Amino acid sequence: MPNRFLHYGGSKYILNREGEARLQRVLETVYGSDVNHQWFTLYPDSPTPCSLLIAPGVPISVETEYEIGDDITAQR
């Protein structure tokens with residue numbers, strides 16, 4: 001299974017499926033409505049929850065890192 005990472009503010013954060021689904025909902029709220037920004041807590045159950053500001057103009061990207069032996073055709 002490939003690793004997923006969130007790139008934000010010059011840092012790289014591990015992104016699990018649940019976190020990615022929550023991020024998608026926040027992005028839809030910010031970019032699909034009149035809300036101009038929203039705070040996103042990446043690790044809500046952690047002692048270090050990592051809050052990120054999601055807003056237009058704030059660079060953010062998601063990277064998939066494949067390992068040797070990953071079947072990338074199964075990911076499509």
Side-chain angles (χ1 to χ4, degrees):
M1 181 167 166
N3 297 315
R4 302 278 286 170
F5 297 96
L6 172 66
H7 288 271
Y8 180 94
S11 297
K12 186 176 179 178
Y13 302 94
I14 296 170
L15 189 60
N16 61 24
R17 288 180 193 251
E18 187 266 337
E20 190 168 1
R22 289 186 305 101
L23 175 62
Q24 185 62 39
R25 289 191 296 272
V26 169
L27 290 170
E28 289 171 0
T29 299
V30 171
Y31 288 97
S33 67
D34 293 332
V35 176
N36 61 359
H37 72 278
Q38 188 169 338
W39 286 97
F40 172 67
T41 304
L42 186 57
Y43 308 121
D45 299 329
S46 166
T48 310
C50 187
S51 294
L52 309 172
L53 179 65
I54 306 300
V58 176
I60 185 172
S61 65
V62 175
E63 169 191 0
T64 301
E65 183 179 87
Y66 293 98
E67 296 180 5
I68 295 175
D70 283 341
D71 182 6
I72 60 173
T73 58
Q75 305 299 321
R76 295 182 186 167

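A quick note: this is a predicted structure, and the numbers were derived from the prediction, not measured.
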Shortest non-hydrogen contact between Cys50 and Tyr43, atoms and distance: CB-CD1, 3.8 Å

Minimum-distance pair of heavy atoms, taken over all atoms of Pro56 and Asn36: CD-O, 3.1 Å

Distance (rounded to the nearest 0.5 Å) between His37 NE2 and Thr29 OG1: 12.5 Å

Ile14 side, atom CD1; Arg4 side, atom CZ - distance, nearest 0.5 Å: 13.5 Å

Straight-line distance of Arg22 CZ to Leu15 CG, nearest 0.5 Å: 9.0 Å

Approximate separation, where rounding is to 0.5 Å, of Gln38 CD and Ser51 OG: 11.5 Å

Over 12 non-hydrogen atoms of neighbours within 6.0 angstrom of CG in Leu27: yes

Heavy-atom closest contact (Gly19 atom, Phe40 atom, distance): O-CZ, 3.6 Å

Closest non-hydrogen atom pair, Ile54 against Ile60: CD1-CD1, 3.7 Å

Shared hydrophobic cluster for Val35 and Leu52 (ILVMFWY, side-chain gaps under 4.5 Å): no

Distance-only donor-acceptor check, side chains Glu20 and Gln24, under 3.5 Å: no

Full working for side-chain contact (heavy atoms from CB on, under 4.5 Å) between Tyr8 and Leu42: CA-CA 11 Å; Tyr8 180 94; Leu42 186 57; over 6 Å; no

Residues Tyr66, Thr64; criterion side-chain contact (heavy atoms from CB on, under 4.5 Å); working and verdict: CA-CA 6 Å; Tyr66 293 98; Thr64 301; 3.5 Å; yes

Non-hydrogen side-chain atoms of Val62 and Phe5 separated by less than 4.5 Å: no

Nearest heavy atoms of Pro47 and Pro49, plus distance in Å: O-CD, 3.4 Å

